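What follows is a single structure, written as structure tokens, with notes after it.
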Amino acid sequence: MKSRIILLVEDNPKDEFLTLRALNKCRLANEIIVVRDGVEALDYLFAKGDYAGRNANDLPTVMLLDLKLPKIDGLEVLRQIRADERTHRLPVVILTSSDEEKDIIAGYELGANSYVRKPVAFDEFTKAVAELGRYWLITNEPPPRK
Amino acid sequence: MKGIPKKISKFDLRLFLTTLKSSITHFSLILTLLFSLTAILIFTYFITYESAKEQILDVGGEMFTKVVKDVIGFMEMMDTRVKAGEITLAEAQELVRTYVNGPKKPDGNRDITKSKMSVDDYMYVWASSYKHDRGTLTMHPFNVEGANKWNYQVKGHYTIRESWSNLNYTGRVFRQLWKNPGEPVYTFIAYQQYFEPWDWIVGCGGRERIIYERRLEGLRRKFLIVAAIFLLISVIHVHSFTRVEIARRQREEEVRDLNRELEQRVKERTAQLEATNKELDAFAYSVSHDLRAPLRAIDGFSSALLEDYKDKLEKEGKTYLRYLQEGSHEMSGLIDGLLKLSRSTRGELSQERTDLSAMAATVTEELRKAEPGRQVAIQIAPEAEVFADPRLLKAVMENLLGNAWKFTGQRIDARIEFGVEQQEGEAVYFVRDNGAGFDMAYIDKLFLPFHRLHKAEEFPGTGIGLATVLRIIQRHGGRIWAQAAIGEGATFYFTLGEGGKHS
């Protein structure tokens with residue numbers, strides 16, 4: 001059985017709570033990892049810093065990435081992920097409040113797989129997250145592990 | 001605006017020369033030509049006059065020679081007669097004297113009015129006699145009163161044909177002096193008082209020669225005066241023309257300086273505007289993120305509260321939570337509207353061929369899909385092509401058609417029309433509906449942001465849409481206006497400036 005791991009990169013604890021609540025309702029994921037800023041995200045993926053002991057080959061099935069993050073912002077994280085061979089193919093869904101055109105363009109330019117705007121209305125938000133989860137964990141074929 | 005910068009004008013040789021050159025190619029060319037012509041004429045005149053002088057002298061000389069030959073011939077005749085013993089030397093001298101001077105008057109003086117020669121003729125003969133000293137026939141100076149005091153002048157006389165010194169003597173002078181016999185001879189320098197500046201002494205000569213001189217004198221004088229006037233006028237004209245040119249060049253330079261200054265200011269302003277735009281971008285960006293996140297929390301946790309604690313809440317509690325949610329939805333709508341409004345003024349305006357008819361069809365189709373239950377008659381004029389930014393025009397059409405859709409919500413026979421009219425040679429596009437309309441008294445507030453003319457319960461909306469539409473239309477250089485009556489519907493007209501030509 002495939003292990004379905006979601007990496008959620010979100011600095012806002014309220015958003016984090018609501019996202020987790022929605023995801024847990026669907027009961028799709030085995031594990032949801034939450035990191036609070038860009039540095040933590042990179043540390044996790046490359047098994048550095050606090051996550052030094054982790055098996056770096058064990059990548060999440062999908063990464064939900066917010067753009068507005070402290071320290072390193074989402075786009076920079078994306079750039080570094082795509083630059084590295086190990087994480088080059090990792091499915092990344094940008095999940096952010098901004099629907100500014102330049103953000104969307106930048107996201108796709110840097111190699112995001114999907115761009116989803118976080119709706120304000122909660123039920124829409126829940127629906128969106130559930131759809132995301134369903135699609136990326138079940139429907140989509142993740143890149144094969146090494 | 002700061003004062004116009006002044007440039008201190010200094011003499012620029014190059015500028016002067018170029019304007020001089022150009023002045024010659026301009027109107028003053030005629031004057032310059034005339035002046036040159038005059039100069040040539042003067043030059044020619046002088047040359048011809050000089051040669052004329054020679055001719056005159058020759059003529060005069062011929063006259064002299066004739067006279068001299070005549071007298072000398074007579075004298076030689078007398079000499080022969082003396083030698084032959086026919087007459088004495090004294091008699092011979094007397095005869096020559098009479099021949100030349102005229103007969104003696106009773107009082108002993110000679111009546112020179114009857115003389116065959118003038119005084120200058122005497123002088124000439126005298127000079128010739130000096131030259132032609134034959135030895136046996138010694139020519140003595142004739143007994144002209146005071147004449148022997150003119151010796152050195154006579155010498156000068158003899159050389160006069162070689163050098164045109166105008167100070168020695170003139171026939172006229174001697175004649176005048178001769179008028180007063182017995183008076184002392186005037187000195188050399190005193191002779192000058194008889195001369196006028198333009199008198200040229202050709203030499204001794206008869207009356208005729210003097211007249212020649214006079215005539216030519218007058219002509220030459222006139223030429224000189226005219227030439228001087230031409231020269232003066234030319235110089236004045238060239239000078240004033242040059243000054244005009246210099247002034248013009250200066251003005252051109254000032255204009256160039258002003259233009260450069262303006263360009264500089266435009267650059268600065270553009271930089272300022274770009275900086276402001278960047279700030280606006282950053283502001284809109286932070287609105288996107290930072291305002292929405294707390295709203296999501298409000299809505300999210302209200303919903304979570306509703307879901308997870310619904311059995312612990314009374315009906316009133318549930319209602320309060322619902323109001324919380326509605327509040328946050330409304331605010332979200334406002335944020336979206338504000339962002340759209342700010343976006344409508346930011347960004348580059350891309351002008352492309354845009355099919356408004358197709359766009360209207362798409363928008364109305366979307367409206368139908370959103371509310372499939374509604375029956376609305378939609379009429380769209382075909383082939384309304386314009387030159388505009390399609391993204392922004394889509395917002396306009398969505399807004400206008402969306403409003404029409406919304407405000408006909410209470411009519412069963414709802415009708416919406418999109419078309420084009422020609423008004424005064426301009427293509428005017430319109431969206432017409434037969435819905436609720438509005439009171440024309442409030443037409444001023446129609447396009448202001450956040451102003452609404454209807455109650456929120458009747459027709460929901462943020463009141464930002466038309467403000468955005470107005471901005472977009474204005475950015476395209478067009479106008480927008482509306483006509484309506486309460487209960488009878490509304491028509492919104494707009495033009496698109498240059499881009500709105502009906503194809």
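Note that the structure is predicted; figures quoted are calculated from it, not measured. Just so you know, these numbers use all the heavy atoms, side chains as well, and skip hydrogens, waters and symmetry mates. Order of the sequence lines fixes the chain letters, A, B, ..., with proteins taken first and strands second; residue numbering starts at 1 for each chain.
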Let me see the working for A:Val120 and B:Met331 under side-chain contact (heavy atoms from CB on, under 4.5 Å), right down to the final yes or no.
CA-CA 10 Å; A:Val120 166; B:Met331 186 155 163; over 6 Å; no
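The minimum heavy-atom distance linking A:Asp123 with B:Asp299 is given by the pair N-OD2, 4.4 Å. Nearest heavy-atom pair, B:Ala293 versus A:Ser97, reported as atom, atom and distance to 0.1 Å: N-OG, 4.5 Å. Residues B:Ala297 and A:Leu18 approach most closely at CA-CD1, 4.3 Å, considering heavy atoms.
Looking at heavy atoms from C-beta onward, B:His329 lies out of side-chain contact with A:Glu124 at the 4.5 angstrom threshold. Between A:Lys118 and B:Arg296 there is a side-chain heavy-atom pair separated by less than 4.5 Å.
Environment of CZ in A:Phe17: sparse, with no more than 12 heavy atoms of neighbouring residues, nucleotides or ligands closer than 6.0 Å. Heavy-atom contacts from other residues, nucleotides or ligands closer than 6.0 Å to CD of B:Glu371 number more than 12. By the neighbour-count criterion of 12 heavy atoms within 6.0 Å, atom CD of B:Glu366 is densely surrounded, having more than that number from other residues, nucleotides or ligands. The number of heavy atoms from other shown groups lying within 6.0 Å of CD (B:Glu326) is above 12. Atom NZ of A:Lys102 has more than 12 heavy atoms from other residues, nucleotides or ligands within 6.0 Å. Summarising the local packing, NZ of A:Lys127 is surrounded by 12 or fewer heavy atoms from other residues, nucleotides or ligands at distances under 6.0 Å.
Comparing A:Thr96, A:Asp66, A:Asp103 by heavy-atom pairs within less than 4.5 Å of chain B, the highest count is held by A:Asp103.
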